[in-house]
Amino acid sequence: MLVQAETEPVLDPAAAAARARVLYDLGKGTIFAARSDPRFSYCMYVPPHIDTAEHPMELVVVVHGTGRAFIEYRNAFAEFARWKDCIVLCPLFPVGVLGDGNRDGFKQIKEGELRYDHILLDMVDEVATKFGCDFKRFALFGYSGGGQFVNRFALLHPERLWAVSIGAPGSVTLLDPDRDWWVGVRDMEARFGKAPDIEALKQVDVHMVVGAADLETWEITHREGGKFYMPGANDAGRNRLERIESLRQSFLRAGVDVALDVVENVPHEGLNCVDTVQDFLAGSLKRLRASRGCATPAVVQPAATHGNS
């Protein structure tokens with residue numbers, strides 16, 4: 001005797017769109033091509049309770065290093081974002097976008113005609129439009145190669161940031177008006193059309209982080225003939241500990257406050273610094289919301305997560 005299978009009810013378009021939103025946009029969502037240039041993509045964590053959140057959403061952008069572990073960083077920031085009412089955006093800047101196998105183009109902001117800062121800013125605007133949020137300012141963290149990008153992005157676009165965390169960059173761009181880019185900022189305006197805005201940078205919560213055991217130099221020592229070699233390329237120090245301290249001192253000399261965390265027993269491993277970065281961001285976020293008149297509530301239980309959160 002044949003038994004007729006039950007037919008799954010057909011969802012109307014609105015219900016189907018709502019279900020797809022839960023599955024692919026909220027929580028640990030899928031990977032999206034950037035609208036401005038589909039060679040680049042991004043993933044996000046969006047709190048499933050976004051429509052009933054206690055606070056307006058803020059944006060935290062996390063930039064991968066040379067290993068392109070953008071999904072791992074998204075996952076590491078997911079619970080922070082869920083409890084702090086934030087969207088996390090993690091871009092992917094692939095190796096060899098110009099067909100030359102270059103792993104490092106994004107770190108320098110500009111590669112050929114590409115401007116990675118502009119690509120990221122368009123991703124931010126894309127996400128803001130998608131979720132109806134105001135992301136004129138956002139928080140930015142990057143580690144290793146991502147730390148280089150974040151260092152330089154903060155010098156170019158401080159007006160777009162409420163917080164920045166620069167993690168263990170192998171090469172640093174000092175806030176030094178007597179040296180040319182990328183070692184300093186003397187010719188930054190000629191190269192990028194923007195001079196350093198120190199007053200805007202003073203309005204940003206600035207954090208730097210490095211592991212106390214981050215002492216290897218094989219990947220960061222510049223030699224004559226190298227693609228990024230220039231006079232003064234190694235003057236900031238031998239290793240990442242020394243270089244981030246040189247970067248901090250250059251900010252302090254310009255009147256920009258910096259919090260530095262040296263994480264004990266950690267070598268060059270960005271995911272082991274995430275807790276420290278999140279502590280910094282939590283404090284910065286609290287100050288930001290207080291300045292906007294947003295009360296910090298007692299512990300609020302977010303709505304239950306859905307789908308792939």
Side-chain angles (χ1 to χ4, degrees), residues 34-37 40 42 59-63 89 91 93 97-98 102 104-129 134-142 145-167 169-208 227-228 230-233 235-236 243-244 246-258 284 288:
R35 65 183 182 185
S36 63
D37 190 332
F40 305 97
Y42 62 88
L59 181 67
V60 176
V61 176
V62 181
V63 181
L89 166 64
F93 300 133
V97 175
L98 300 183
N102 185 11
D104 305 314
F106 77 101
K107 304 172 189 179
Q108 294 288 327
I109 300 293
K110 188 175 182 180
E111 181 182 16
E113 296 303 314
L114 288 173
R115 283 284 301 266
Y116 287 92
D117 55 336
H118 294 167
I119 293 164
L120 177 60
L121 287 171
D122 196 78
M123 288 180 183
V124 169
D125 291 345
E126 182 177 344
V127 172
T129 299
D134 178 1
F135 292 152
K136 292 185 180 69
R137 296 175 72 207
F138 54 92
L140 180 63
F141 163 61
Q148 291 193 48
F149 174 91
V150 167
N151 171 187
R152 292 160 188 146
F153 186 99
L155 297 177
L156 283 163
H157 303 286
E159 75 285 351
R160 294 300 306 266
L161 302 175
W162 51 264
V164 61
S165 180
I166 303 169
S171 298
V172 293
T173 296
L174 305 179
L175 199 51
D176 185 342
D178 298 323
R179 295 173 182 253
D180 286 339
W181 190 273
W182 57 265
V183 171
V185 295
R186 178 167 53 192
D187 62 342
M188 192 177 94
E189 185 172 14
R191 288 175 178 269
F192 296 99
K194 294 185 73 174
D197 187 341
I198 303 301
E199 292 307 310
L201 191 57
K202 289 178 181 179
Q203 306 308 309
V204 181
D205 281 351
V206 180
H207 177 245
M208 299 178 187
K227 60 185 172 183
F228 299 123
M230 62 180 292
D235 288 358
R243 292 183 180 186
I244 207 166
S246 294
L247 181 63
R248 185 178 79 94
Q249 290 298 329
S250 78
F251 276 51
L252 293 176
R253 284 192 295 271
V256 179
D257 289 336
V258 178
S284 183
L288 176 74

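These numbers come from the heavy atoms of this one structure, side chains and all, not from hydrogens, waters or symmetry mates.
With R160 contributing its side chain and F135 its backbone, the two residues share a donor-acceptor pair below 3.5 Å. The backbone N or O of T173 lies less than 3.5 Å from a partner atom in the side chain of N151, making a donor-acceptor pair. W182 contributes a side-chain N or O that, together with a main-chain N or O of F228, makes up a donor-acceptor pair within less than 3.5 Å. Under the 3.5 Å distance criterion, the side-chain polar atoms of S165 are left unmatched by any main-chain donor or acceptor of F141. Within the 3.5 Å criterion, the main-chain N or O of H207 finds no donor-acceptor partner in the side chain of D205. A donor-acceptor pair is defined here as one N or O able to donate and one able to accept, closer than 3.5 Å; such a pair exists between the side chain of K194 and the backbone of L156.
Within the 4.5 Å cutoff, side-chain heavy atoms of I198 are placed close to those of L175. When side chains are defined from C-beta on, V97 counts as touching F40, because their heavy atoms get closer than 4.5 Å. D176 is not listed as a side-chain neighbour of V183, based on a closest heavy-atom distance of 4.5 Å or more.
Ring planes of F149 and F93: tilted class, angle from 30 to 60°.
Ionic pairing of D117 and R191 is not present here: no N-O contact between side-chain nitrogen and carboxylate oxygen is shorter than 4.0 angstrom.
Here CZ of R152 is found 9.5 Å from NZ of K107. Values are rounded to the nearest 0.5 Å. To the nearest 0.5 Å, atom CZ of residue R179 and atom CG of residue D235 are 4.5 Å apart. The structure places CG of N102 at 4.5 Å from CD of E111, a figure rounded to the nearest 0.5 Å. If you take CH2 on W181 and CD on Q108, they are separated by 8.0 Å, rounding to the nearest 0.5 Å. How far CD of E126 is from CG of L89: 9.0 Å, rounded to the nearest 0.5 Å. Taken from CG in L98 to CG in L114, the straight-line distance is 5.5 Å, to the nearest 0.5 Å.
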- Message: Assess the residue pair L201 and F251 against the criterion (side-chain contact (heavy atoms from CB on, under 4.5 Å)); give the C-alpha distance rounded to whole Å, side-chain angles, the decisive distance to 0.1 Å, and a yes or no.
- Response: CA-CA 9 Å; L201 191 57; F251 276 51; 3.8 Å; yes
- Query: Going through the distances and angles, do R253 and Q249 end up as a side chain to side chain donor-acceptor pair (under 3.5 Å)?
  - Reply: CA-CA 6 Å; R253 284 192 295 271; Q249 290 298 329; 4.7 Å; no
- Query: For R248 and L252, what are the C-alpha separation, side-chain angles and deciding distance, and is it a side-chain contact (heavy atoms from CB on, under 4.5 Å)?
  - Reply: CA-CA 6 Å; R248 185 178 79 94; L252 293 176; 3.4 Å; yes
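K202 approaches V256 most closely through the heavy-atom pair CG-CG2, 4.1 Å. The shortest non-hydrogen separation linking S171 to Q148 is O-CG, 3.3 Å. In plain terms, the two heavy atoms of A154 and P158 that are nearest each other are O-CD, 3.2 Å. Minimum heavy-atom separation, P169 to G147: CB-C, 3.8 Å. R137 and L161 make their closest contact through NH2-O, 3.0 Å (heavy atoms, listed as atom of the first residue, atom of the second, distance).
Under the side chain to side chain contact (heavy atoms under 4.5 Å, CB included) test applied with P91, the options V124, V62, L120 reduce to a single match, L120. When each of D125, L121, I119 is checked for a side chain to side chain contact (heavy atoms under 4.5 Å, CB included) with M123, only I119 meets the rule.
Partners of A236 under the side-chain contact (heavy atoms from CB on, under 4.5 Å) rule, at least two apart in sequence or in another chain, are V172, R243, S246. Annotation: ring-ring contact (aromatic ring centres under 6.0 Å, His included) contacts of W162 (sequence neighbours excluded): none. For Y42, the ring-ring contact (aromatic ring centres under 6.0 Å, His included) criterion is met by F32, not counting sequence neighbours.
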